[in-house]
Amino acid sequence: MIRLRNTLTQSKEALTPLEPGRVRLYVCGVTVYDHCHIGHGRVMVAFDVLSRLLRHEGLKTFYVRNITDIDDKILERAGDKGIPYERLTEGMIESFQGDMAWLGVQPPDVEPRATEHIQEMVALIERLLVKGVAYEAGGDVYFRVRSVPDFGALSKKELDELIAGSRVEVNPKKRDPLDFVLWKAASDTDAGFPSPFGKGRPGWHIECSAMAMRYLGDLLDIHGGGEDLVFPHHENERAQTLAATGKPLANLWMHVGFVTMKDVKMSKSLGNTVYLRDLKASYHPEALRVALLSTHYRSPLDFSFELVENTGRALYRFYLARARQEARLRSGQGGKGRTKEARALKEEFLGSLKDDLNTPRAIGAIFKTLGLLQEKPGVDEETYKELLGLYKEADEILGAFGLEPCAFLERIESAFFKEKRLDQGTLQELVRARELARGQKDFQRADAIREQVKGYGVLLEDTPEGTLVRLDV
RNA sequence: GGCGGCAUAGCCAAGUGGCAAGGCAGAGGUCUGCAAAACCUCUAUACCCCGGUUCGAAUCCGGGUGCCGCCUCCA
């Protein structure tokens with residue numbers, strides 16, 4: 001049983017799919033007018049983990065994540081750059097997909113684009129017009145918010161209080177200041193699509209309802225996105241779908257908390273953003289992924305480079321311990337039989353994830369296996385097999401902890417040597433020279449070499465098997 | 001102003017009624033030519049404050065305080 005917190009009811013609920021064994025999942029993706037920052041990355045990773053977990057639990061999951069490729073910001077940005085908006089969005093979609101691949105986010109089953117579903121949106125708007133809950137005004141079409149009695153249920157807002165606190169400039173075309181636009185008229189020179197209401201483009205909210213309904217039907221099991229989408233975006237999606245179909249679009253609404261920088265929300269409009277693409281050069285994607293999952297998805301995550309560095313260090317230690325354990329087993333040295341503990345950790349891992357995606361606790365369980373590996377003689381073959389099962393599960397669901405230790409270490413090392421401008425050949429020579437000096441008990445020279453190499457961030461450890469090169473990551 | 005959320009060690013972060021996970025950082029010890037790594041031990045008499053419920057609360061209830069977010073495009 002998977003339990004998830006529902007924004008609508010403000011409590012954890014057992015996930016009970018509409019159709020047994022199948023889950024319909026829709027997540028609001030990105031508006032492609034700029035590159036993705038860490039906040040986007042967090043949401044995508046969170047729902048990536050959710051979809052992986054659902055599938056791991058044997059639920060056939062159909063995951064739809066949209067791309068908003070037409071809106072005011074896009075047109076504005078393209079205008080600033082003096083390029084057609086399609087060129088801007090194509091470039092940003094490519095950038096987005098590159099970032100997601102780097103982060104290990106699996107593609108959704110369908111990634112619909114707004115511009116390719118104008119027909120569905122127009123049809124839905126027409127439905128709303130027929131029902132009398134929408135009206136045309138000067139080429140625009142608006143949705144009558146007051147036609148939905150429980151408007152505000154999702155975001156816990158009272159209509160009248162919204163008006164009181166409203167800072168929106170009044171649009172004279174609206175009959176009620178809270179009404180939102182379903183279709184926006186375009187001038188002759190503006191980008192736009194033909195429609196029965198005239199040339200124009202869809203409002204932001206209608207696209208998600210239309211595309212969700214197109215691919216998943218009138219009612220979803222789970223609809224998710226960032227916390228800032230609760231109001232107005234999801235509230236409006238819910239209202240318009242409810243008005244059109246009598247169904248509230250989704251049974252369960254999930255929202256991911258913000259990424260902050262020094263406790264202030266990271267947002268494009270505030271300019272305190274760190275883009276995913278800027279992290280690619282310096283960090284292993286697994287370090288960022290684990291860092292993003294080390295805080296529960298609903299809590300704010302205060303981002304810092306230190307956080308990623310610390311996580312990278314912990315991962316390095318993790319893979320080193322595994323490499324050592326594997327070396328022990330290869331050389332035929334047995335360890336302790338700890339299968340009971342290993343199984344308990346495995347249960348803790350999966351149980352945590354099934355309880356509202358408690359990734360921090362699940363990650364804690366993974367790190368607890370380190371204690372088993374590193375305690376005196378390590379573990380025996382059977383126990384390690386059990387642990388490998390856990391790591392495989394972590395790889396499948398979290399998309400982390402499942403690499404071949406050597407693969408991870410080599411990747412870290414190659415990046416390291418590239419960055420530090422110390423080539424491996426020179427290092428090997430120094431290590432040989434030092435071993436020679438040590439053999440002659442010339443410890444002064446040996447220590448000097450160790451110091452020299454340390455300047456490059458390389459640590460030399462003397463072990464019975466010879467010199468071990470370790471990186472100060 | 002309205003609504004929502006959060007407050008756990010130096011830092012990050014679990015824990016939702018029964019001895020306070022885990023990570024990072026730090027201290028001491030074992031080991032070592034010296035180190036490092038690893039291991040062992042230690043690092044919150046205690047979970048923002050004040051009341052209450054209970055045999056028992058970080059955990060439930062009431063009242064404060066502080067921080068954050070939404071109410072406007074935003075993941």
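So that the names make sense, note that chain A is the first sequence line, chain B the second, and so on, each numbered from 1.
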- prompt: Using a distance-only test with no angle check, is there a side-chain donor-acceptor pair under 3.5 angstrom linking E326(A) and Y384(A)?
  reply: yes
task: State whether the distance check finds a donor on one side and an acceptor on the other, under 3.5 Å, for side chain D447(A) versus base G33(B).
output: yes
message: In the structure I gave you, are the side-chain heavy atoms of R146(A) and D176(A) within less than 4.5 Å of one another anywhere?
response: yes
query: Taking the six-membered ring for Trp, are F47(A) and Y26(A) ring centroids under 6.0 Å apart?
result: no
- prompt: Between the side chains of S51(A) and Q106(A), is a donor N or O closer than 3.5 angstrom to an acceptor N or O?
  reply: no
- prompt: Taking atom C1' in both A57(B) and G18(B), what distance in whole Å separates the two?
  reply: 10 Å
query: P atom, U59(B) versus C47(B): distance in rounded Å?
result: 9 Å
All N/O contacts under 3.5 Å from nucleotides 10-14 of chain B to the protein, with atom names and distances to one decimal?
residue, atom, partner, partner atom, Å
A14(B), OP1, H296(A), N, 2.8
A14(B), O3', N358(A), ND2, 2.9

field: Ring-base stacking, F443(A) with G33(B) (5.5 Å, 30° cut-offs)
entry: yes
field: Nucleotide of C39(B), A35(B), G22(B) approaching Q374(A) most closely (side-chain heavy atoms)
entry: C39(B)
message: Is the phosphate of A38(B) approached by R317(A) (side-chain N or O, under 4.0 Å from OP1 or OP2)?
response: yes
message: If the cut-off is 4.0 Å, is K265(A) near the phosphate of C70(B), judged by side-chain N/O to OP1 or OP2?
response: yes
- prompt: Is there a Watson-Crick or G-U wobble partner for G62(B) with both distances under 3.5 Å, and which nucleotide is it?
  reply: C50(B)
- request: Using the P atom on both, measure C42(B) against A20(B) and round to a whole Å.
  value: 14 Å
query: Can you find a donor-acceptor N/O pair under 3.5 angstrom joining the side chain of D71(A) to the base of C73(B)?
result: no
statement: For N358(A), the side-chain contact (heavy atoms from CB on, under 4.5 Å) test, sequence neighbours excluded, returns H296(A), S352(A), P360(A), R361(A)
task: For V27(A), answer base if it contacts any base atom (sugar-phosphate contacts may also be present), sugar-phosphate if it contacts only those atoms, and nothing otherwise; contact means non-hydrogen atoms under 4.0 Å.
output: nothing
message: Are M44(A) and D99(A) packed together at the side-chain level, in the sense that at least one heavy-atom pair is separated by less than 4.5 angstrom?
response: no
- prompt: Which is it for D71(A) and T31(A) under the side-chain hydrogen bond (donor to acceptor under 3.5 Å, both in side chains) test, yes or no, and what are the steps along the way?
  reply: CA-CA 8 Å; D71(A) 91 321; T31(A) 301; 5.0 Å; no
query: Any donor-acceptor pair under 3.5 Å between the side chain of R450(A) and the base of A35(B)?
result: yes
- prompt: When you match G29(A) and E348(A) each to their closest nucleotide on RNA chain B, which lands nearer the 5' end?
  reply: E348(A)
- request: Select base, sugar-phosphate, or nothing to describe what G39(A) touches, counting heavy atoms under 4.0 Å on all strands.
  value: base
query: Is there a donor-acceptor contact under 3.5 Å linking the side chains of E111(A) and N66(A)?
result: no
Complementary nucleotide of C3(B), counting Watson-Crick and G-U pairs under 3.5 Å: G69(B)
query: Is there a donor on the side chain of R438(A) or the base of G33(B) sitting less than 3.5 Å from an acceptor on the other?
result: yes
query: Under 4.0 Å between a side-chain N/O of Q444(A) and OP1 or OP2 of C34(B), yes or no?
result: no
message: Classify I38(A) by what it touches in the nucleic acid, base, sugar-phosphate, or nothing, heavy-atom distance under 4.0 Å.
response: nothing
- prompt: With a 4.0 Å cut-off on heavy atoms, is T260(A) in touch with a base, just the backbone sugar-phosphate, or nothing at all?
  reply: nothing
statement: Among A36(B), G69(B), A75(B), the one nearest any side-chain atom of V43(A) is A75(B)
task: Take atom C1' in G66(B) and the same atom in U8(B), then report the distance between them in whole Å.
output: 16 Å
task: Please state how far atom CE in M100(A) lies from atom P in A75(B), giving the value in whole angstrom units.
output: 12 Å
Partner residues of F305(A) under the side-chain contact (heavy atoms from CB on, under 4.5 Å) criterion, sequence neighbours left out: V274(A), L279(A), Y283(A), F303(A), E309(A)
message: Would you say R65(A) places a side-chain N or O within less than 4.0 Å of OP1 or OP2 belonging to A75(B)?
response: no
Separation between the P atoms of C50(B) and U43(B), rounded to whole Å: 25 Å
task: Could you tell me which nucleotide pairs with C31(B) by Watson-Crick or G-U wobble geometry, both distances under 3.5 Å, or answer none if nothing does?
output: none
message: Roughly how many Å apart are G28(B) and A58(B), using the C1' atom of each and rounding to a whole number?
response: 31 Å
message: A75(B), OP1 or OP2 - any side-chain N/O from S267(A) closer than 4.0 Å?
response: no
Touch class at under 4.0 angstrom, heavy-atom based, for K157(A) against every strand present: base
- request: Write down the distance separating the P atoms in A21(B) and A44(B), rounded off to the nearest Å.
  value: 12 Å
field: Integer angstrom distance from the P of C39(B) to that of G22(B)
entry: 13 Å
- line: Taking for R434(A) and for K156(A) the nucleotide of RNA chain B with the nearest heavy atom, the one nearer the 5' end belongs to K156(A)
